[in-house]
Amino acid sequence: MADGGSMPPEVLAEKLMLSIYGYGTNTGIRAVAGGTHGHTEEDIRYVRRRYLTPEAARQIAVEIANATFTARDTGLWGASSTAVASDSTHFRAWDQNLFTEWHSRYGGRGILVYWHVERGSVVVHSQTLRASASEVAAMVEGAIRHGTTMKVEGNYVDSHGQSEIGFGITRLLNVDLLPRIKQINHVRLYRPNVGEPDAYPNLVAAMTRPIRWDVIENNYDQVIKYATAIHSGTASTEAILSRFTRAASHPAYQAMLEIGRAQRTCFVARYLRERELQREIEEGLNVVESWNAANAVIYYGKGGEISTNRREEVEMAALCLRILQASLVYVNTLMLQDVLAEPAWADKLTPADRRGLTPLFWSHVRPYGEVNLDLGARLDLGAGVAPEGPAPA
């Protein structure tokens, strides 16, 4: 990010790695400076201030995700996915930080980090949120502005994503919202037309009023304008939703709600009919839950509490944690491909075994101990080719 400098590239790389490790594990720069690498705490802090900005850290994570997509063997992992699973993780933080809020569901003060994770355990987007922030807005922002080479067409979310406005915005942005509906018996279905009370006799108990298509038609231009502003980045989803929340009677907001009600009715019909869709959503959400479990293993320093009052430092901690986890998945992907390329494994993996493969494991990681660096050493990975076989379903 700096315009120039006289520091050798290998020395700069070592200091950047130490800085990322200190932030991503929450052990701090002072702790990682005590290793046998020969770099002082002042040197590492200087590199952090001059080179490692949030924009640079975000770009590093994007490049690692793109490298994982490129290195992934489709014969082993299957075709590239077009869907991501999104969920938030609660991190405890100092209450002196103005960004920190009390979260009623998690029962403590802190912040939220909202993740978008591909079905192959590759993180494509992350963002720090207040505890009271709209997760619907975070979901939309990550799906359309992740920055990687992945084309996101679907988004698995937990029950928080089944809101009508969430269905409306994602429909306008051509993203298939796929929530897990827990209390489906309380979901109301909207009738498509007026004057047909007996059109669906088996669903009478779940049906409610018809969709107001005239509201959508009369405000269609305004709705498209807001959707275009979100897609192009001229306005954030959270800003638009905040404006509509203050004026819930806004005609464009009412039109988006009607679009969302129609889309949610269509989705609930699919969800009830297709058992495979239910399994697909559950599998996608299990991936992001595993991602959240890995957070506690990697971000272990200071009991997992973010001990800073600066918002930029909070964001940097989340981004460096994303870099470390993305690097873990990248290396694990190469290791699995290298091992399974051996002839002994060619006929042992069944389609069910291939479906059970995941690059998100950390039993071989030792987060404690001294931090040593040797940029001259390399892992002997990527030489083999995975055995051919049926792609996982």
[X] side chain to [Y] main-chain N or O, any donor-acceptor pair under 3.5 Å?
X: Asn26; Y: Glu305; value: yes
X: Glu118; Y: Val124; value: no
X: Arg130; Y: Ile111; value: no
X: Asn66; Y: Thr149; value: yes
X: Ser86; Y: Val157; value: no
X: Ser19; Y: Lys15; value: no
X: Asp176; Y: Gly154; value: no
X: Asp338; Y: Leu334; value: no
X: His116; Y: Asn155; value: no
X: Trp213; Y: Asn193; value: no

Where does the angle between the aromatic ring planes of Phe167 and Phe267 fall among parallel (under 30°), tilted (30 to 60°) and perpendicular (over 60°)?
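Plane angle between 30° and 60°, so tilted.
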Rounded at 0.5 Å granularity, tell me how far [atom1] in [X] sits from [atom2] in [Y].
X: Ile281; Y: Ile181; atom1: CD1; atom2: CD1; value: 7.5 Å
X: Arg209; Y: Leu189; atom1: CZ; atom2: CG; value: 13.0 Å
X: Leu129; Y: Thr89; atom1: CG; atom2: OG1; value: 10.5 Å
X: Asp214; Y: Glu217; atom1: CG; atom2: CD; value: 7.5 Å
X: Phe91; Y: Asn295; atom1: CZ; atom2: CG; value: 4.5 Å
X: Leu324; Y: Leu328; atom1: CG; atom2: CG; value: 9.0 Å

Glu164/Arg188 salt bridge by N-O under 4.0 Å criterion
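Result for this pair is no, no salt bridge flagged.
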In terms of hydrophobic clusters joined by side-chain contacts under 4.5 Å, are [X] and [Y] together?
X: Ile64; Y: Val62; answer: no
X: Val215; Y: Leu257; answer: no
X: Leu319; Y: Ile29; answer: no
X: Met207; Y: Val194; answer: no
X: Phe69; Y: Ile323; answer: yes

Pair Glu141, Thr237: side-chain N/O donor-acceptor within cut-off below 3.5 Å
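Distance-only check passes for Glu141 and Thr237.
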Assess, by modelled atom type and distance only, whether the side chains of Glu258 and Gln254 contain a donor and an acceptor separated by less than 3.5 Å.
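There is no such pair between these side chains.
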Atom [atom1] of [X]: over 12 foreign heavy atoms under 6.0 Å:
X: Tyr220; atom1: OH; value: no
X: Arg171; atom1: CZ; value: no
X: Asn185; atom1: CG; value: yes

Applying side-chain contact (heavy atoms from CB on, under 4.5 Å), run through Thr333 and Trp77 and close with a yes or a no.
CA-CA 9 Å; Thr333 300; Trp77 305 103; 3.8 Å; yes
Would you please test Val47 and Leu52 for side-chain contact (heavy atoms from CB on, under 4.5 Å) and show each step?
CA-CA 7 Å; Val47 168; Leu52 191 61; 5.8 Å; no
Is there a side-chain contact between [X] and [Y] (heavy atoms, below 4.5 Å)?
X: Leu379; Y: Met335; value: no
X: Gln325; Y: Val123; value: no
X: Thr170; Y: Val140; value: yes
X: Tyr114; Y: Met139; value: yes
X: Leu321; Y: Tyr23; value: no
X: Met256; Y: His250; value: no
X: Trp291; Y: Asp87; value: no
X: Leu241; Y: Ile169; value: yes

Identify, with sequence neighbours excluded, every residue that meets side chain to side chain donor-acceptor pair (under 3.5 Å) alongside His39.
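Testing His39 for side chain to side chain donor-acceptor pair (under 3.5 Å), a comparison that skips the adjacent residues, returns Glu14.
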Using the test side chain to side chain donor-acceptor pair (under 3.5 Å), find all partners of Ser163 that sit at least two apart in sequence or belong to another chain.
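Not a single residue meets the side chain to side chain donor-acceptor pair (under 3.5 Å) criterion with Ser163.
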Trace of the side-chain contact (heavy atoms from CB on, under 4.5 Å) decision for Ile240 with Ile230
CA-CA 8 Å; Ile240 291 178; Ile230 294 174; 3.4 Å; yes
Per-pair distances, 0.1 Å, donor-acceptor, side chain in residues 269-277, under 3.5 Å, sequence neighbours excluded:
residue, atom, partner, partner atom, Å
Arg275, NH1, Gln278, OE1, 2.5
Glu276, OE2, Arg279, NH1, 2.9

Dump the intermediate steps for salt bridge (Lys or Arg N to Asp or Glu O under 4.0 Å) on Arg48 and Glu313, then the final yes or no.
CA-CA 11 Å; Arg48 151 69 184 97; Glu313 295 289 298; 2.8 Å; yes
Given the rule in the side-chain contact (heavy atoms from CB on, under 4.5 Å) test, do Val122 and Arg72 qualify, once you have shown the distances and angles that lead to the verdict?
CA-CA 11 Å; Val122 178; Arg72 184 185 290 169; 3.0 Å; yes
